[in-house]
Amino acid sequence: VGGWGFVVWASALVGFVDRMLWFVFGVARLVGLVSCVLCCIFIPLVLQRMSIDRAVAGIVVLTTFTDAIGFFSFLGLAKLLI
């Protein structure tokens with residue numbers, strides 16, 4: 001995840017002159033990484049309390065949450081700041 005974030009940031013650095021776009025990419029990537037860490041901690045705990053197999057359902061729920069949070073954090077920041 002971090003490697004692709006760097007590739008996107010570097011392409012924005014080369015392709016766009018607007019520094020606010022760089023900031024939006026960087027902050028959205030940071031929000032995505034932090035949300036991924038928090039989801040990796042809490043989703044297995046919640047699934048275990050619900051008596052659902054963490055190994056089967058965890059990756060689907062984790063991917064859905066982290067993708068949605070990353071997508072909406074980027075678009076939300078872009079709308080607010082640009």
Side-chain angles (χ1 to χ4, degrees):
V1 175
W4 283 113
F6 178 76
V7 168
V8 169
W9 178 81
S11 66
L13 184 68
V14 171
F16 299 105
V17 180
D18 187 13
R19 291 188 190 265
M20 188 58 72
L21 187 59
W22 301 347
F23 178 74
V24 168
F25 276 144
V27 172
R29 192 69 252 157
L30 181 65
V31 169
L33 289 173
V34 169
S35 70
C36 183
V37 168
L38 292 175
C39 286
C40 284
I41 293 170
F42 291 112
I43 287 175
L45 296 174
V46 170
L47 291 175
Q48 184 179 10
R49 287 205 183 246
M50 296 171 60
S51 298
I52 299 174
D53 186 14
R54 296 174 297 171
V56 174
I59 192 66
V60 175
V61 176
L62 175 70
T63 304
T64 302
F65 275 118
T66 56
D67 285 350
I69 290 169
F71 181 72
F72 288 119
S73 68
F74 173 69
L75 290 180
L77 282 170
K79 182 176 179 167
L80 287 174
L81 299 176
I82 297 178

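Keep in mind the model is a prediction, meaning the values are calculated, not measured.
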Return all side-chain donor-acceptor pairs below 3.5 angstrom for residues 35-59, not counting sequence neighbours, or 'none' if the list is empty.
from, atom 1, to, atom 2, distance (Å)
Ser35, OG, Val31, O, 3.2
Ser35, OG, Gly32, O, 2.9
Asp53, OD1, Ala55, N, 3.4

**OP:** Please list, chain by chain and in numerical order, all residues satisfying ring-ring contact (aromatic ring centres under 6.0 Å, His included) with Phe65, sequence neighbours excluded.
**Re:** none
Original post:
So among Leu75, Leu80, Leu81, which one has a side-chain contact (heavy atoms from CB on, under 4.5 Å) with Val24?
Top reply: Leu81
Original post:
Applying the 4.5 Å side-chain criterion to the ILVMFWY set and letting contacts propagate, would Phe74 and Leu30 be lumped into a single cluster?
Top reply: no
In a table with atom names and distances, give each donor-acceptor pair under 3.5 Å that connects a side chain of residues 66-73 to protein atoms at least two apart or in another chain.
from, atom 1, to, atom 2, distance (Å)
Thr66, OG1, Leu62, O, 2.9
Thr66, OG1, Thr63, O, 3.3
Ser73, OG, Ile69, O, 3.0
Ser73, OG, Gly70, O, 3.0

